[in-house]
Amino acid sequence: MTTPNKTPPGADPKQLERTGTVREIGSQAVWSLSSCKPGFGVDQLRDDNLETYWQSDGSQPHLVNIQFRRKTTVKTLCIYADYKSDESYTPSKISVRVGNNFHNLQEIRGEEDTTHVLPTDS
């Protein structure tokens with residue numbers, strides 16, 4: 001079992017990418033959402049603009065599915081949430097699940113009340 005390098009909470013992912021510490025691979029995946037309001041979908045979730053965001057439009061759980069076309073190792077997952085702006089809409093639990101297909105997903109680590117999730121090898 002290996003433990004990834006711990007990226008400090010609050011670290012700027014764009015700065016980490018510029019220094020070569022991390023590499024953004026989200027563009028290699030197909031993204032889908034359990035629901036969204038018009039104009040608040042995947043494009044706004046991924047556009048690097050902190051003023052735009054995904055807004056779900058349905059019952060819970062609210063899901064973001066990220067499917068890579070081939071097996072892909074993900075060592076760090078950065079999620080931005082702004083409690084001051086979002087208040088009650090800020091997630092209280094984030095669950096990260098991995099698998100070979102949608103039917104065999106297993107939770108690897110879930111953290112409550114956090115905006116920085118670091119998956120570990122299991």
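Owing to the predicted nature of the structure, the values given are computational and were not obtained by experimental measurement. Index from 1, following the sequence. Only heavy atoms go into these numbers, but all of them, side chains included; no hydrogens, no water, no symmetry mates.
Counting only heavy atoms from C-beta outward, the side chains of Asn65 and Phe102 approach each other to under 4.5 Å. Looking at heavy atoms from C-beta onward, Arg69 lies in side-chain contact with Val30 at the 4.5 angstrom threshold. Within the 4.5 Å cutoff, side-chain heavy atoms of Val64 are placed close to those of Trp31. Counting only heavy atoms from C-beta outward, the side chains of Val42 and Trp54 never approach each other to under 4.5 Å. Side-chain atoms of Val22 and Lys75, non-hydrogen and from C-beta on, never get closer than 4.5 Å to each other. Between Ile25 and Ser27, the closest side-chain pair of non-hydrogen atoms is not below 4.5 Å. Side-chain contact between Leu77 and Val96: present, with at least one pair of heavy atoms (C-beta onward) separated by less than 4.5 Å.
Side-chain contact of Arg97 with Ser95: a donor-acceptor pair under 3.5 Å is present, judged by distance alone. The closest side-chain donor-acceptor pair between Asp57 and Ser35, if any, does not fall under 3.5 angstrom.
Atom CD of Gln15 sits in a crowded spot, with more than 12 heavy atoms from other residues, nucleotides or ligands closer than 6.0 Å.
Residue Ile94 is grouped with residue Val98 when hydrophobic side chains (ILVMFWY) are merged at heavy-atom distances under 4.5 angstrom, including chains of intermediate members. A single hydrophobic cluster is not seen to contain both Leu63 and Ile79; linkage of ILVMFWY side chains at heavy-atom distances under 4.5 Å, directly or through other members, places them apart.
With rounding to the nearest 0.5 Å, the separation of CD in Gln44 from SG in Cys36 is 8.0 Å. Note that CZ of Arg70 is 6.5 Å distant from CD of Gln28, once rounded to the nearest 0.5 Å. Here CZ of Arg46 is found 8.0 Å from CD1 of Ile66. Values are rounded to the nearest 0.5 Å. One distance of note links CZ of Arg23 with OG1 of Thr21; it measures 13.5 Å at 0.5 Å rounding. If you take OG1 on Thr76 and CG on Leu16, they are separated by 8.5 Å, rounding to the nearest 0.5 Å.
Listed for the Thr72 side chain is no donor-acceptor partner under 3.5 Å among the backbone atoms of Phe68. With hydrogens and angles ignored, the 3.5 Å screen pairs a side-chain donor or acceptor of Glu24 with a backbone N or O of Gly26. Judged purely by atom type and a 3.5 angstrom limit, Asn101 uses its side chain to pair as donor or acceptor with the backbone of Asn104.
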Working for side chain to side chain contact (heavy atoms under 4.5 Å, CB included), residues Lys71 and Asn100: CA-CA 8 Å; Lys71 284 188 177 182; Asn100 291 322; 3.6 Å; yes
